[in-house]
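First up is the structure itself, then whatever we jot down about it.
Below, read A as the first sequence line, B as the second, and so on, with proteins coming before strands; counting in each chain starts at 1.
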2 protein chains.
Amino acid sequence: MSGAGRNGAGGGGSRATMQRVAAAAGVSPMTVSNTFRYPERVQEETRARVLAVAAELGYVPNLAAGHLASGSSRVVGAIIPSIRNSSFYRYVRGLQDAAAEQGHEVMISLADDAEQELAAVRTFMGWRAAGIVLVGSEHHAETAALLRAARMPTVETWVRRGAIDMCVGFSVEEATRQMVRHLVARGRRQIGFIGYSGGVARRFADRLAAFRDELGAAGLAAGLDYMAHEADGFAAGKQALEALLTRAPGLDGVICATDVIAGGVIFACQRRGIDVPGQLAVTGWGDYEIASEIVPSLTTVRPRTRDMGRTAIELLLSGREAGGPPPPPRDVGFELVCREST
Amino acid sequence: MSGAGRNGAGGGGSRATMQRVAAAAGVSPMTVSNTFRYPERVQEETRARVLAVAAELGYVPNLAAGHLASGSSRVVGAIIPSIRNSSFYRYVRGLQDAAAEQGHEVMISLADDAEQELAAVRTFMGWRAAGIVLVGSEHHAETAALLRAARMPTVETWVRRGAIDMCVGFSVEEATRQMVRHLVARGRRQIGFIGYSGGVARRFADRLAAFRDELGAAGLAAGLDYMAHEADGFAAGKQALEALLTRAPGLDGVICATDVIAGGVIFACQRRGIDVPGQLAVTGWGDYEIASEIVPSLTTVRPRTRDMGRTAIELLLSGREAGGPPPPPRDVGFELVCREST
DNA sequence: GCTGTGGTTTGTAGCGCTACAGTCACGGGG
DNA sequence: CCCCGTGACTGTAGCGCTACAAACCACAGC
């Protein structure tokens with residue numbers, strides 16, 4: 001008598017259970033289960049009957065129960081810092097497509113900072129996700145501890161040195177170096193760098209170091225740099241350009257941390273009457289859609305974002321035996337796309 | 001003997017269970033459960049001990065089990081068609097913030113078409129989400145049937161007439177009319193409309209009708225319209241502009257379905273040497289960040305995206321008794337933002 | 001007629017957690 | 001001295017599903 005009516009008024013979930021479907025279809029619960037999970041194990045005719053009854057009753061298998069019973073969920077949790085740009089769009093598509101091919105689902109959670117990321121990790125761990133995909137290698141201290149303690153398969157993306165388990169990315173240093181060489185080859189001598197400050201700052205530290213190093217190798221003075229506030233997008237470009245021009249009126253090239261910043265720089269140049277690339281060469285990062293469309297079109301770095309998503313899933317679901325050493329970092333490469341802005 | 005080692009090699013989930021934590025802390029499982037769900041029911045001292053043990057064992061409560069036992073999950077499923085633009089970013093933030101305030105989580109799934117949307121709905125229903133938030137009112141036939149059969153609380157957003165349960169949006173007709181009146185007041189006489197074709201086409205039907213109607217009211221000839229392929233963003237603007245100019249060389253105003261299309265139109269104008277707004281006035285839709293930054297800055301419609309997200313959660317978690325009539329559609333309004341492009 | 005074969009179907013015993021109804025210790029009032 | 005209220009904690013019975021082994025069944029071959 002106790003259990004009766006426990007989940008009564010609840011959220012209005014469907015009243016249909018596997019039991020009920022089984023009874024209505026005149027089969028055992030296991031046959032219903034098999035119909036949904038391993039259709040080939042059930043005879044055509046039986047399956048059709050079960051599906052018909054299920055449809056009529058509006059039955060949708062309870063994944064929580066299934067997961068609890070089977071001990072494995074087919075959900076991959078992806079935590080992304082923002083959905084502001086098309087780079088992440090392609091990345092997520094890569095994740096979803098690859099996961100779908102293996103019969104898994106991707107659930108996304110947005111996290112603006114390490115705190116929110118940790119909360120999302122907790123939730124995904126609570127659901128006993130099959131794996132978790134993070135962006136970057138800067139996390140809350142507890143995040144790594146938690147994931148490791150639970151042996152949760154984890155992939156950090158957009159980086160080549162993971163802090164937790166596995167990772168996939170590309171060489172931002174090499175890309176930055178190529179950018180610098182490209183600008184130098186175009187005759188630029190006073191080159192600036194625009195990144196973001198705030199929580200993501202360290203993601204740009206490697207790029208900044210490579211930038212300085214390569215400038216030195218080219219025999220040029222250490223360039224200028226400006227770190228924009230991370231919440232700003234296009235506006236950051238404007239702000240940064242003003243700051244850099246004040247410090248170096250002869251600035252003739254600027255390397256931006258994202259295409260959006262670069263777009264902001266170009267818009268600011270249009271307002272100030274600065275000719276791009278005549279007076280100032282501008283480069284972006286990410287090859288967002290705007291890069292090819294803006295006037296002048298943007299020289300940028302095109303990471304293989306979609307492949308990164310696919311590779312992350314591949315690593316996650318590769319089923320390495322627990323306790324084994326993590327596979328080595330994967331590098332999906334990038335491409336320098338040269339356009340009108342340089 | 002059967003159950004033993006069932007979920008053995010599995011995905012590598014944590015071995016820690018509530019039982020084990022309880023044993024290690026010298027309390028009953030219920031005390032552990034209460035420690036996590038209703039801390040105030042457990043004495044300070046006991047709670048601290050339980051939490052310490054849990055942390056040491058890397059225990060994270062199994063939400064699937066909890067959900068199964070309690071019959072209610074604290075997850076809201078949000079399905080969005082794209083994460084390409086910042087409008088959805090603000091919308092999702094609204095969802096997440098409002099949900100967090102009520103102790104719920106938002107899980108996001110990306111769906112490019114009705115098929116994928118249906119799959120995502122199935123998954124969320126499988127997890128017995130507390131509610132589901134969709135974008136628009138165009139769905140797979142089965143989607144509505146499924147949601148209704150299960151009495152799943154559902155909110156359709158960005159529309160004022162829901163097809164399933166509840167909805168929140170703003171008047172796209174009124175916004176479109178105001179756009180037309182604005183252009184007419186600026187002396188424009190040959191005005192075109194650029195929308196998207198494909199699966200989302202019907203989302204623009206209302207706008208197109210309002211556009212035509214308002215042109216008529218102003219005593220102008222029925223305008224031109226062009227439906228771009230939905231996968232294109234900025235590129236669609238270029239393509240559409242070319243098509244419209246071929247059909248009407250005297251075109252002096254164009255209303256675009258999104259800021260991205262409008263951006264594409266402006267870029268195309270820059271390449272063709274068309275002065276905006278001198279020769280051609282351009283309006284966008286959405287007030288994405290680019291709208292205020294592009295040169296010339298863009299006249300656009302600013303929906304209260306964030307409020308829309310918040311309102312959706314409010315509707316979802318308002319706890320109307322099952323079977324009751326759905327609350328009336330909510331209108332969060334919009335704002336016409338006039339800038340340089342007109 | 002009987003056994004072997006292989007595909008299909010079924011029973012059983014939990015998965016880890018939570019609701020609910022206790023149990024227990026303590027203490028103040030009658 | 002007994003009774004009962006109060007607050008902290010515990011025992012039990014499932015939530016709906018799935019793994020596994022066992023049962024079933026039609027039919028071929030001996």
Side-chain angles (χ1 to χ4, degrees), chain A residues 1-11 13-23 25-50 54 57 59-74 125-128, chain B residues 1-11 13-23 25-50 54 57 59-74 125-128:
Chain A
M1 68 203 61
S2 91
R6 266 251 241 95
N7 54 0
S14 79
R15 194 81 303 113
T17 68
M18 189 173 272
Q19 282 287 352
R20 226 159 319 232
V21 173
V27 296
S28 80
M30 265 321 292
T31 300
V32 178
S33 175
N34 284 329
T35 301
F36 283 95
R37 310 226 324 148
Y38 308 100
E40 74 281 2
R41 292 189 189 168
V42 179
Q43 215 171 10
E44 176 77 39
E45 191 190 354
T46 315
R47 185 173 40 191
R49 184 152 37 96
V50 169
L57 267 54
Y59 171 70
V60 177
N62 185 327
L63 295 179
H67 167 206
L68 185 59
S70 73
S72 77
S73 82
R74 322 222 86 197
M125 288 185 60
W127 287 109
R128 300 296 187 266
Chain B
M1 69 203 58
S2 92
R6 267 252 240 96
N7 54 1
S14 78
R15 194 83 303 115
T17 69
M18 188 173 271
Q19 283 287 354
R20 231 165 307 240
V21 172
V27 296
S28 80
M30 264 323 291
T31 301
V32 178
S33 175
N34 283 331
T35 301
F36 282 95
R37 310 223 326 147
Y38 308 100
E40 73 282 3
R41 291 189 189 167
V42 179
Q43 217 170 10
E44 177 77 39
E45 189 190 354
T46 314
R47 185 173 40 193
R49 183 153 37 96
V50 169
L57 266 55
Y59 170 71
V60 178
N62 185 327
L63 295 179
H67 167 205
L68 184 59
S70 73
S72 76
S73 83
R74 322 222 88 199
M125 289 185 59
W127 287 109
R128 300 294 187 267

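Around atom CD of A/E45, no more than 12 heavy atoms belonging to other residues, nucleotides or ligands sit under 6.0 Å away.
Residue A/Q43 places at least one side-chain N or O under 4.0 Å from the OP1 or OP2 atom of C/dT9. Residue A/R37 places at least one side-chain N or O closer than 4.0 Å to OP1 or OP2 of D/dA19. The side chain of A/Y59 places an N or O atom within less than 4.0 Å of a non-bridging phosphate oxygen (OP1 or OP2) of D/dC17. Between A/S70 and the phosphate of D/dC17, there is no side-chain N or O to OP1/OP2 separation shorter than 4.0 Å.
Although no hydrogens or angles enter the test, the distance criterion places a donor-acceptor pair under 3.5 Å between the side chain of B/S73 and the main chain of B/R128. In this structure, the side chain of B/R49 engages the main chain of B/A25 through a donor-acceptor pair within 3.5 Å.
Put simply, the side chain of A/R20 does not reach to within 4.5 Å of the side chain of A/Y59, judged on heavy atoms. Between A/P29 and A/V32, every side-chain heavy-atom pair lies at or beyond the 4.5 Å cut-off.
Considering every non-hydrogen atom in both B/H67 and B/W127, the closest pair reads CE1-O, 2.9 Å.
The nearest whole Å value for the distance from the OH atom in B/Y38 to the C1' atom in C/dC17 is 12 Å. Between A/N34 atom CG and D/dG16 atom P the separation is 20 Å, expressed in whole Å. Per the geometry, NE2 belonging to B/H67 stands 17 Å off P belonging to C/dG16, to the nearest Å. Taking atom CZ of B/R47 as the reference point, atom P of D/dA8 lies 10 Å away to the nearest angstrom. Note: CE (B/M18) to P (D/dG14) measures 20 Å, nearest angstrom. If you take CZ of B/R49 and C1' of D/dA8, they are 12 Å apart, rounded to a whole angstrom. In this structure, CG of A/L68 is placed 12 Å from C1' of C/dT18, rounded to the nearest angstrom. A/R41 places its CZ atom 15 Å from the C1' atom of C/dG6, with the value rounded to the nearest Å.
Separating the CG atom in B/N34 from the CD atom in B/E40 is a distance of 8.5 Å, to the nearest 0.5 Å.
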*Walk me through it: do A/V50 and A/V42 pass the test side-chain contact (heavy atoms from CB on, under 4.5 Å)?*
CA-CA 10 Å; A/V50 169; A/V42 179; 5.8 Å; no
Under 3.5 Å, which protein N or O atoms sit close to an N or O of nucleotides 22-26 of chain D? Give each pair with its distance.
none

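Listed by chain and residue number, B/S33 satisfy the side-chain contact (heavy atoms from CB on, under 4.5 Å) test with B/R37 (two or more places apart in sequence, or in another chain).
Annotation: proximity of residues 26-33 of chain B to DNA chain C (heavy atom, distance under 4.0 Å) is found for B/M30, B/S33, numbered in ascending order.
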